[in-house]
Amino acid sequence: TTFEVLIKDGRAAIEKQDDAQVKDILDKLEKEAHKLAGNMYGAQIGGAVAATCGHARGIQLGGAVSLARGSFYGAQIGGTAAVSGGSSTGAQIAGAASVAEDHYGLQIGGAVSLAKRTRGIQIGGAGNATGPMYGLQIGGAANVASRVDGAQIAGAVNVGGDVHGV
């Protein structure tokens, strides 16, 4: 890997006592570390916030908020909000709001679930809103979708622009 090569080169530079080369390798190591730190793989747990600047794969638990600025694959759970800046694949669950660019799988928000496009199941205590909906929308009060291929179930109102299903 890049890290292994840089560490090997760094050891050689230290043995030669080449300060300029050591500094150059340290700068390269820092850049590589930033690339790696931007993404999350595995598990991330934060008492208040669990956040990653890039993509996330695995499980992310935030006492208040779980945030992935990029795409998320796995289970994202936030006490108040779960937010994915890119697509979200898997389960996204939050006490108040679940928000994703595109969602594939199960999306649950205690109050609302929001996505530009949904494939799967979207559940919101008060309601849900999405662009095209391919699957099932369940809202305590209302569901809104620009297109529905599947079903909408709400306590009061369902709105679907182009409905193919129930």
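As a basis for the values below, the full set of heavy atoms in this structure was taken, side chains included, without hydrogen atoms, waters or symmetry mates.
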Self-check item: Test side chain to side chain contact (heavy atoms under 4.5 Å, CB included) applied to F3 and V5, step by step
Solution: CA-CA 5 Å; F3 279 111; V5 170; over 6 Å; no
Exercise. Could you walk me through whether K23 and D27 pass the salt bridge (charged side-chain N to carboxylate O under 4.0 Å, His left out) test, one step at a time?
Key: CA-CA 6 Å; K23 183 181 179 328; D27 289 341; 3.3 Å; yes
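For the salt bridge (charged side-chain N to carboxylate O under 4.0 Å, His left out) condition, no pair includes a residue of residues 121-141, sequence neighbours left out. Applying the salt bridge (charged side-chain N to carboxylate O under 4.0 Å, His left out) test to every pair with at least one member in residues 41-63, sequence neighbours left out, gives no pairs at all.
Through chains of ILVMFWY side-chain contacts below 4.5 Å, V159 is grouped with V144, V157. Hydrophobic cluster membership of L61, counting Ile, Leu, Val, Met, Phe, Trp and Tyr whose side-chain heavy atoms lie under 4.5 Å apart directly or via other members: I45, I59, I77, I93, L106, I108, I121, I123, L136, I138, I153.
One hydrophobic cluster holds both V99 and L67 under the rule that ILVMFWY side chains link at heavy-atom gaps under 4.5 Å. Both L26 and I14 are part of a single hydrophobic cluster, where members link through side-chain heavy atoms under 4.5 Å apart.
Between the side chains of T118 and H103, no donor-acceptor pair is found at a separation under 3.5 Å.
Residues passing the side chain to side chain contact (heavy atoms under 4.5 Å, CB included) test with Q44 are M40, A50, T52, Q60, sequence neighbours excluded. A13 is linked by a side chain to side chain contact (heavy atoms under 4.5 Å, CB included) to Q21, V22, I25, counting only residues two or more places apart in sequence or in another chain. S113 meets the side chain to side chain donor-acceptor pair (under 3.5 Å) test with no other residue; sequence neighbours excluded. By the side chain to side chain contact (heavy atoms under 4.5 Å, CB included) test, A154 pairs with N143, N158, sequence neighbours left out. Partners of R117 by side chain to side chain donor-acceptor pair (under 3.5 Å), not counting sequence neighbours, listed by chain and number: D102. For D162, the side chain to side chain contact (heavy atoms under 4.5 Å, CB included) criterion is met by R147, H164, not counting sequence neighbours. Contacts of D24 classified as side chain to side chain donor-acceptor pair (under 3.5 Å), with partners at least two apart in sequence or in another chain: K28. Checked against side chain to side chain donor-acceptor pair (under 3.5 Å), Q152 has the following partners two or more places apart in sequence or in another chain: Q137.
The OG1 atom of T130 sits 10.5 Å away from atom CZ of R119, with the distance rounded to the nearest 0.5 Å. Note that CZ of F72 and OH of Y104 are 16.0 Å apart. Values are rounded to the nearest 0.5 Å.
Looking at heavy atoms from C-beta onward, Y73 lies out of side-chain contact with S88 at the 4.5 angstrom threshold.
Minimum heavy-atom separation, S98 to Q92: OG-O, 3.5 Å. Nearest heavy-atom pair across A68 and S71 is CB-O, 4.5 Å. Here the closest non-hydrogen pair linking S84 and G70 is OG-O, 3.2 Å.
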